[in-house]
Amino acid sequence: MTDKKVKSNGDERVGVYVCHCGSNIAGVVDVEGVAKWATEELGDKGVVIGKDYKFMCSSLGQEMIQEDIKKEKLTRVVVAACSPHLHEKTFRTATERGGLNPYLCEMASIREQVSWVHTDKTIATEKAKAMINGAVERVIRHQPLEPIRVPINEATLIVGGGIAGIQAALEIANTGYPVYLVEREPSIGGHMAQFDKTFPTLDCSACILTPRMSEVGTHPNITLLTWSEVENVDGYVGNFNVTVRKKARYVDEELCTGCRICVQKCPKKVIDDVFEVGLGYRKAIYTPFDQAIPNIPVMDAENCTFFEKGTCKACEKFCPTEAIDFEQEDEVLNLDVGNIILATGYDLFDTRRIPQYGYGKFENVFTSLEFERMCNAAGPTNGEIFLRDGKTQPESVGIIHCVGSRDVNYNEHCSAICCMQSLKFAHLVHERTGGKVYNFYIDIRTPAKDYEEFYNKVLEEGTMFVRGKVGEVTDVPRLNEESGKLYIQAEDTLAGVQRRIPVDMVILSAALEPRYDANDVAKQFGISCSSNGWFTEKHPKLDPVATMTEGLFIAGCATGPKDIPASVAQGSAASARVISYIEAGELELEPVRATVDETKCSGCLICNDLCPFNAIEYIEEKDVSYIQEALCQGCGTCVAACPAGAISGTGFSNEQVLAQIDGLLMVDFKPAAVEKA
Amino acid sequence: MKKYLFYPGCSMGDVARSYMVSLMAIKERIGLDLQEIDDWNCCGATEYFSVNQLPAHALVGRNLALAQDQSNGLDTIMAPCSACYLNLSKTENYMGENQALNDAVNAALGAGGLNYKPGSMEIRHLLDIIYHDIGLDVIKQHVTNPLKGLRVAAYYGCLIFRPDVNNRWTNPKSQMAFEDIMEALGASVVDYPMRAECCSGHMPQIDRGTAYEMIRHLINGAAEQSADVIATLCPMCQLNLDMYQKEMNKYFRKQYSIPVLYITQLMGLAFGANPDELGIGSEFINPRAALERVGTDFPEEELRPKQKKKNEGLPMPTMPSEVKER
Amino acid sequence: MKIISDPVEISAFWNEVEMKTPGHSRLEACIQCGSCGGSCPVAGDMDYTPRKIFAMIRAGMEEEVLKSNTPWYCVSCYTCAVRCPQDIHITDIMYTLKNMAIEKGLCKINSAKHFSKTFIGYVESNGRSFEFGLATRQSLRYMPMGMLGTAAVGLGMLTKNRMEMTPSKIENINQLQTILATAKELEVTS
């Protein structure tokens, strides 16, 4: 063995630390041997010190790095341990504390990539050595990097004016920062405004919602943009530029007092498909409900007599402040915001997709939202429970759980709230009619606070529960005693018999689904969503309101079905994250980014479409592509794709990566004597 | 002429002779060229599968292999009987999806010098071909004797729509194929909610009571809607509803009398063919009274299914023919 | 006392059912929702609903399952299979249970067993089914009291030329018989 004592190659001084990780690594890899090997054999590459230690991530382990940097005047650090996914930040911080640029620390994952996947100790140890060799080759080619600092615009855009959006808006606005709340319907409130009572407290939904809505409407820091939609999103965290189209209301907002004479006088009545879910009517000029915020009507041009035929204009005639403006045009606004919260909510499953439940065929089959509207005191029946004829009370009601949920034919997921909602309906039927109630369920899901107690309450009210997913709802009699009713046919699985239960009314607890355009919205904002459309959170367990795109947050049912408390919690969580960014004033982003060498770029645009984060734009004047630092996540796709090799990744330059590969393959390695253990 | 390989099935030779006769009578008119599979064997109905599953698949497999060998460039087998249609398409589909089954069936076929490559043959029901390939326009062209005045309950039975292994009926519009064809013939189609409910299959041989109840339910449904005739497209359905109707009447002390005719017989009548040419007269329930209604008028209100009149109550949801799929 | 405890016994029956059903039956995915039992047109006449049968299979209750009338009352209408939220191949499993009931001699519905076997007998000898033979033998054996009624119907079929008195036979019956014999051997070994 030649004299390969600890001597640097003159350029860099590298410290190599090999972690035991208890027995996780040490049980398979000869960690002491590897540390010694690094010191003895990699000296010509710059390794001046090689140590092994039980738990590098511990404070003692980290302090060791810090002290060694100072003592040995290290210029580079290699930590051979677990995955960078877990502790890259830890070791970079330790390196920084030692006085070195944190990006001059490199990890070799000899746990996930060696000790956890190999059983042969010889092979594992050799592989560990190769990995460390690779890491050393790489790190000596590292440059110190500074994190990118991005200023954060104080303003926030919140898309969706349901309870989650409202909560987030108020939290941020109350802290003193401006908020733009964009809502596609004429009023904020979302689905919660449609409900009658909320479980389990049976609070009146509007009573608890409208104070918040009012606050939003009058808050000095909130710019409310209803009847509006986002058309385009540009930019990156801290600096988004958003184009919003304010659709024409045909009512001048400055002049309108909200007196609603126009609504009264409008002669054209149409079915309200949105707020009343097709169960009630509205006029061509309308506010969706009495407590609408803003209290400014909207004209439905498709159904307005004036727009169709050029006559009428009753609203204009009667408006006391001359607020009607048939010439009004859409307004396109350009907003600069620092962060965006998407709280766009859910759509209800279309129960027509299950023909055997008879929705649309039988008069007295209703969906959950239809029934909510019916129970709502301001709804089409003033809160009374009637059959479709609008006047007869049902004597018996069947409530079907899991309509379109938990079913591979429609939606595999469980919609989280329908069991509670169905119990609530049972309670309301007891409260308002003398009728019998049957709930048909597969499981009763009551996971949150006071939910199981609510179930007991509903049981005690005399609700009859039949455990069986309903086979069909039919009006065709099958047995001799039957006639004139709707029959719900299901197997009572607990009794083991098929039952046909006559009811007057059927309520379908339909699934919650992502919005019909969720995929398009996700694409527009640059976040990912699942194949069916639920927005994807950064981490399903540990980061439920952030997305993989910095500066974009999600809250409420847009991420998955949940009840009101959970939506509110997520709204608060998202706003807290935004506030923390705003308060920090600027955001530090990982400097691992791709950059385009303009001299080599030919403007072929291949990279532009490939970028999954929409970070690359084309600068026409120069005929080159440009990568937005802040949007780039350093995935490397463009680097690989560029036919001219014009793109390189900071921290992942060709030189660095190739050197690491050579190191792994032990290409330049001249062993003093390779010891076979 | 549209050409297909033809798998008649055992019933066409005896029990459902009129189905065969009427099909032969109309096929030229609508442009159907049928090449019977040479030396085909029974598909096994539901009986073979009840005893041995692999031999049952091999039994069907022989037909698929013979068709493949005979093909003459044709790759579609038409089966007029729903049970044969199901067995052929199920075996064809399962062999394609399941390598182990494919190997086993082909090993058995190999012993007889045959082999079948899944995917070679497409299996389609007669209704599917009439509706999708021939088309309503061609049918209307040949109607010389519209069945005006005849109220028809279009009865599909089970196996044409379920399990639909090849997804031939996913479009909601196509699920009205039988009704559309009947209307194209000039007949009036009644609302028949049990249009795809089971005729009880072979249950009459096992438990008469259960079977008669299922048959009664179907006949009663047609009677409630004032149907003159039930139209079918499966020999089993026709047999159960027709042959057992009087027995069922005795069992329940009822007097139903609704004749059950095949789709091809009704088509033939509308095309002006003689009832004898179409095998009419071999039914247990005599269709004569019903057929005398053809060419008569009757008050429209009798026929229309319960229409939802504009009421003062709450509006009903709209039902577009296409339900939005995500 | 009936308490089921033997874990080996439990899975043996379930495994056998799974193996004998072509493809993947997905029986393990059953959430016991009851959609099948709620849709079945014959559930009212079955000893146990389809759902219950699956619960019993999972509990290893081989004898009860194979002795029940449930698989024999299944009319193969596939309504359960298309509605099952877990896409379980219910009808195929019913066929398997029929096979096993016959094989293990546990089938109690002799009329059904006899019907199937007689049917198959004719197919195997002739390549085609033979209604007349089948109907006669079935009613002689199982419905002798109803013979008069059946005879009337049968006569009707003959006079309306909807039934042949002699079976028709395919040409290559040997080929078919060889194929079926090989298939039967393979079934036993697989």
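Chain A is the first sequence line, chain B the second, and so forth, proteins listed ahead of strands; every chain is numbered from 1. Basis for what follows: all heavy atoms, side chains included, without hydrogens, waters or symmetry-related copies.
Contact count versus chain A (heavy atoms, under 4.5 Å) is highest, among Ala55(C), Cys36(C), Cys40(C), Gly44(C), for Cys40(C). For the set Cys84(C), Ala43(C), Ser35(C), Ala29(C), the entry with the most heavy-atom pairs within less than 4.5 Å of chain A is Ser35(C).
Residue-environment remark: CD (Glu395(A)) stays at or below the threshold of 12 foreign heavy atoms within 6.0 Å. Residue-environment remark: CD (Glu482(A)) exceeds the threshold of 12 foreign heavy atoms within 6.0 Å. The neighbour count for Lys197(A) NZ, taken as heavy atoms of other residues, nucleotides or ligands under 6.0 Å away, is above 12. Remark: Lys52(C) NZ is loosely packed, at most 12 non-hydrogen atoms of other residues, nucleotides or ligands lying under 6.0 Å away. Shown here is Glu63(C), whose CD atom has no more than 12 heavy atoms of other residues, nucleotides or ligands within 6.0 Å. Within 6.0 Å of atom NZ in Lys108(C), 12 or fewer heavy atoms from other residues, nucleotides or ligands are found, so the atom counts as exposed in its surroundings.
By the 4.5 Å heavy-atom criterion applied to side chains, Gln32(C) and Thr493(A) are not counted as neighbours. Put simply, the side chain of Gln489(A) does not reach to within 4.5 Å of the side chain of Ser39(C), judged on heavy atoms.
Neither the backbone nor the side chain of Cys80(C) comes within less than 4.5 Å of any heavy atom in chain A.
For the atom pair CD1 (Ile442(A)) and CD1 (Ile31(C)), the distance works out to 4.5 Å, reported to the nearest 0.5 Å.
Formation of a donor-acceptor pair under 3.5 Å by the Gln498(A) side chain with backbone atoms of Gly37(C) is found in this model. Although no hydrogens or angles enter the test, the distance criterion places no donor-acceptor pair under 3.5 Å between the side chain of Arg406(A) and the main chain of Pro85(C). A donor-acceptor contact shorter than 3.5 Å links the side chain of Arg478(A) to the backbone of Pro41(C).
Arg83(C) and Glu472(A) are joined by a salt bridge, as a carboxylate oxygen and a charged side-chain nitrogen come within less than 4.0 angstrom of each other.
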